[in-house]
Participant: 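Pasting a structure here, questions to come.
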Amino acid sequence: MKKILSEKYRRFVICFEIFMVIVLLPVIYNYVPINEGTKTFYIPSSNIDEIVKTLKDNGYEVTWMDKLMLQLRKTPDEGWYTIEPKKHGRYVFFQHLYKRKTKELMDVVVFAGETKSKLTERLANDMKLDQKKLLAAYGELAHFKEADILAQRYTIARKADEYATMQYIFLDSRRTLNQFVRDHFKYTPELMELKIVHVIASIIQKESNSIEEMPLISSVIYNRLEKGMKLQMDGTLNYGPFAHTIVTSERIKSDTSEYNTYKHKGLPPHPLSTVTLDALIASIEPASSDYIFFMLNQDGTHNFSITYDKHLENIRAFRAYQDEKKKKEQEANNTIVKSLAKS
């Protein structure tokens with residue numbers, strides 16, 4: 001009898017110990033400290049492995065138990081999250097991460113023709129961030145000197161730091177670019193080939209924002225390259241610090257860089273600035289034409305021509321329009337001055 005009681009007692013103790021371990025394990029787990037990481041970040045997918053990678057990339061240690069907790073109730077969806085690691089225990093932190101989506105968002109528009117310097121300056125001002133840190137993040141994430149980011153709208157968490165902000169912009173932009181590649185290439189292009197596509201797209205973007213004209217300008221670029229002609233396009237001189245500077249005849253003469261396509265054959269060495277998806281499409285789908293010239297007209301669009309004589313005619317017509325416009329403006333100013341003098 002004593003033997004039976006002893007055996008039952010031993011089993012009871014073992015069961016009690018197992019029960020206590022099961023009960024206490026979550027309590028002990030909850031008090032395991034969480035290392036401090038980035039407090040606002042973007043989770044790019046609801047895939048558990050992507051979530052774990054995102055947490056690790058943002059400075060958080062994730063164990064197998066943490067991974068289990070992430071899936072216990074609801075796996076976090078894609079989106080921006082703001083968390084306070086020290087406010088909650090480990091158990092609540094991982095199990096309730098799906099609840100931590102931030103509601104403080106803002107839209108940021110990247111404009112066509114912007115350089116990384118101008119973009120980061122604007123982001124630093126609008127989001128109260130450090131431009132040098134934004135530029136450093138850009139340099140780390142970019143493939144090219146410029147134009148890695150598409151001109152479009154981006155939704156960013158207001159509390160995102162410099163790296164999280166640039167990381168998301170690159171992520172969203174590359175999703176669009178990857179779709180562009182899938183739609184327009186039957187193979188996976190090399191990075192150098194994509195760079196050339198971006199260079200041509202950036203020239204097109206500098207010359208015109210008209211979606212209708214972009215394929216025509218693209219055809220002029222390809223036609224001149226095939227004929228071994230210099231591009232001789234003002235837009236290629238709108239690089240770096242000169243991105244928004246009017247190109248004058250003096251500038252054409254004095255600029256000795258490889259961006260000056262009046263002096264150098266071929267394409268500029270790097271993309272000029274941000275581009276739209278329309279410009280990218282036009283860069284690989286030029287219109288079928290024999291045009292090798294184009295000139296601005298009084299409507300704000302361009303006249304395209306095959307011969308140099310016709311091009312000169314278009315130049316003279318636009319200059320005559322400018323002279324007439326300047327004359328009318330001067331006459332209007334003189335009329336205002338006389339009216340003020342009489343009063």
Side-chain angles (χ1 to χ4, degrees), residues 14-108 120 123-124 126-141 149 153-176 178:
I14 292 171
C15 290
F16 180 76
E17 287 176 347
I18 292 171
F19 172 77
M20 289 304 295
V21 168
I22 292 171
V23 170
L24 291 174
L25 187 61
V27 177
I28 296 167
Y29 168 78
N30 193 49
Y31 283 97
V32 175
I34 305 168
N35 53 312
E36 193 84 19
T38 306
K39 291 184 178 179
T40 298
F41 52 82
Y42 189 84
I43 293 179
S45 165
S46 58
N47 177 279
I48 188 61
D49 292 327
E50 278 285 341
I51 296 167
V52 170
K53 183 180 182 301
T54 300
L55 287 167
K56 288 181 176 179
D57 289 346
N58 283 279
Y60 295 95
E61 183 184 353
V62 183
T63 66
W64 67 269
M65 189 71 171
D66 300 329
K67 187 175 179 179
L68 184 65
M69 289 297 109
L70 285 167
Q71 301 172 86
L72 196 60
R73 282 200 178 181
K74 185 178 184 296
T75 305
D77 295 323
E78 177 179 347
W80 281 103
Y81 288 79
T82 296
I83 55 179
E84 297 180 44
K86 301 299 181 185
K87 191 174 180 180
H88 308 285
R90 198 175 193 93
Y91 177 82
V92 174
F93 175 82
F94 284 102
Q95 193 189 65
H96 292 179
L97 180 60
Y98 73 94
K99 295 181 177 180
R100 309 300 176 200
K101 265 194 172 183
T102 183
K103 294 179 181 177
E104 295 181 50
L105 303 170
M106 64 183 290
D107 282 345
V108 171
T120 53
L123 283 174
D126 293 348
M127 298 182 68
K128 305 296 182 278
L129 297 173
D130 187 312
Q131 187 185 7
K132 288 183 179 178
K133 290 181 180 179
L134 286 167
L135 279 170
Y138 187 105
E140 183 180 331
L141 296 165
I149 295 172
R153 187 180 298 275
Y154 299 88
T155 301
I156 302 171
R158 289 185 178 276
K159 293 182 179 180
D161 66 13
E162 291 82 1
Y163 192 83
T165 297
M166 295 309 303
Q167 188 178 44
Y168 170 73
I169 290 175
F170 272 91
L171 169 72
D172 198 36
S173 184
R174 284 192 178 141
R175 282 176 172 173
T176 307
N178 289 340

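Keep in mind that this is a model prediction, so the values were computed, not measured. Residue indices begin at 1 and follow the sequence shown.
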Participant: What is the distance from atom OG1 of Thr102 to atom NZ of Lys39, rounded to the nearest 0.5 Å?
Facilitator: 13.5 Å
Participant: So Asp172 and Tyr42, do their side chains get closer than 4.5 Å, heavy atoms only?
Facilitator: no
Participant: Where is the tightest heavy-atom contact between Ile149 and Met166, given as atom of each residue plus distance?
Facilitator: CD1-CE, 3.8 Å
Participant: Would you say Lys67's side chain and Asp49's backbone share a donor-acceptor pair under 3.5 angstrom?
Facilitator: no
Participant: From Thr38 OG1 over to Gln167 CD, what is the distance, rounded to the nearest 0.5 angstrom?
Facilitator: 8.5 Å
Participant: Calculate, to the nearest 0.5 Å, the distance between atoms CD1 and OG1 belonging to Ile156 and Thr40 respectively.
Facilitator: 12.5 Å
Participant: With sequence neighbours excluded, what pairs up with Lys99 under the salt bridge (charged side-chain N to carboxylate O under 4.0 Å, His left out) test?
Facilitator: none
Participant: May I ask you to check whether over 12 heavy atoms, not counting those of Lys101, lie within 6.0 Å of atom NZ?
Facilitator: yes
Participant: Rounded to the nearest 0.5 Å, what separates atom CD in Glu78 from atom CD1 in Ile51?
Facilitator: 10.5 Å
Participant: So, for Leu70 and Pro76, which heavy atoms are closest and what is the spacing to 0.1 Å?
Facilitator: O-CD, 4.0 Å
Participant: Does any part of the side chain of Thr120, heavy atoms only, come nearer than 4.5 Å to the side chain of Glu162, both counted from C-beta?
Facilitator: no
Participant: What is the minimum heavy-atom distance between Asn47 and Ser45, and which atoms define it?
Facilitator: N-OG, 3.0 Å
Participant: Quick check: are there more than 12 heavy atoms from other residues, nucleotides or ligands sitting under 6.0 Å from CD of Gln71?
Facilitator: yes
Participant: Heavy atoms, side chains only, cut-off 4.5 Å: are Glu50 and Ile43 in contact?
Facilitator: no
Participant: Is the closest side-chain heavy-atom distance between Phe94 and Leu68 below 4.5 Å?
Facilitator: no
Participant: Report the C-alpha distance between Glu104 and Thr82 in whole Å, list the side-chain angles of each, state the deciding distance to 0.1 Å, and finish with yes or no for side-chain contact (heavy atoms from CB on, under 4.5 Å).
Facilitator: CA-CA 9 Å; Glu104 295 181 50; Thr82 296; over 6 Å; no
Participant: Find out whether Met69 and Leu97 are in side-chain contact, i.e. whether some heavy atom of one side chain is under 4.5 Å from a heavy atom of the other.
Facilitator: no
Participant: Going by the ring pair (Phe, Tyr, Trp, His ring centres under 6.0 Å) test, name the single residue among Tyr154, Tyr138, Tyr163 that passes it with Phe170.
Facilitator: Tyr138
Participant: Quick one: list whatever passes salt bridge (charged side-chain N to carboxylate O under 4.0 Å, His left out) with Asp130, sequence neighbours left out.
Facilitator: none
Participant: Do other residues, nucleotides or ligands put more than 12 heavy atoms under 6.0 Å from Lys159 NZ?
Facilitator: no
Participant: Which atom pair, heavy atoms only, marks the closest approach of Thr54 to Pro44?
Facilitator: OG1-CD, 3.3 Å
Participant: Taking all non-hydrogen atoms of both residues into account, name the closest pair between Ala157 and Leu105 and its distance.
Facilitator: CA-CD2, 3.8 Å
Participant: Please determine, by modelled atom types, if Asp66 and Thr63 share a side-chain donor-acceptor pair under 3.5 angstrom.
Facilitator: yes
Participant: Can you measure from CG (Leu72) to CD (Gln95) and round to the nearest 0.5 angstrom?
Facilitator: 4.5 Å
Participant: Output all residues satisfying salt bridge (charged side-chain N to carboxylate O under 4.0 Å, His left out) with Asp126, sequence neighbours left out; order by chain, then residue number.
Facilitator: none
Participant: About how many Å separate OH of Tyr81 and OH of Tyr98, when rounded to the nearest 0.5 Å?
Facilitator: 10.5 Å
Participant: Any chance you could lay out the side-chain contact (heavy atoms from CB on, under 4.5 Å) test for Ile83 and Tyr60, step after step, and finish with the verdict?
Facilitator: CA-CA 12 Å; Ile83 55 179; Tyr60 295 95; 3.4 Å; yes
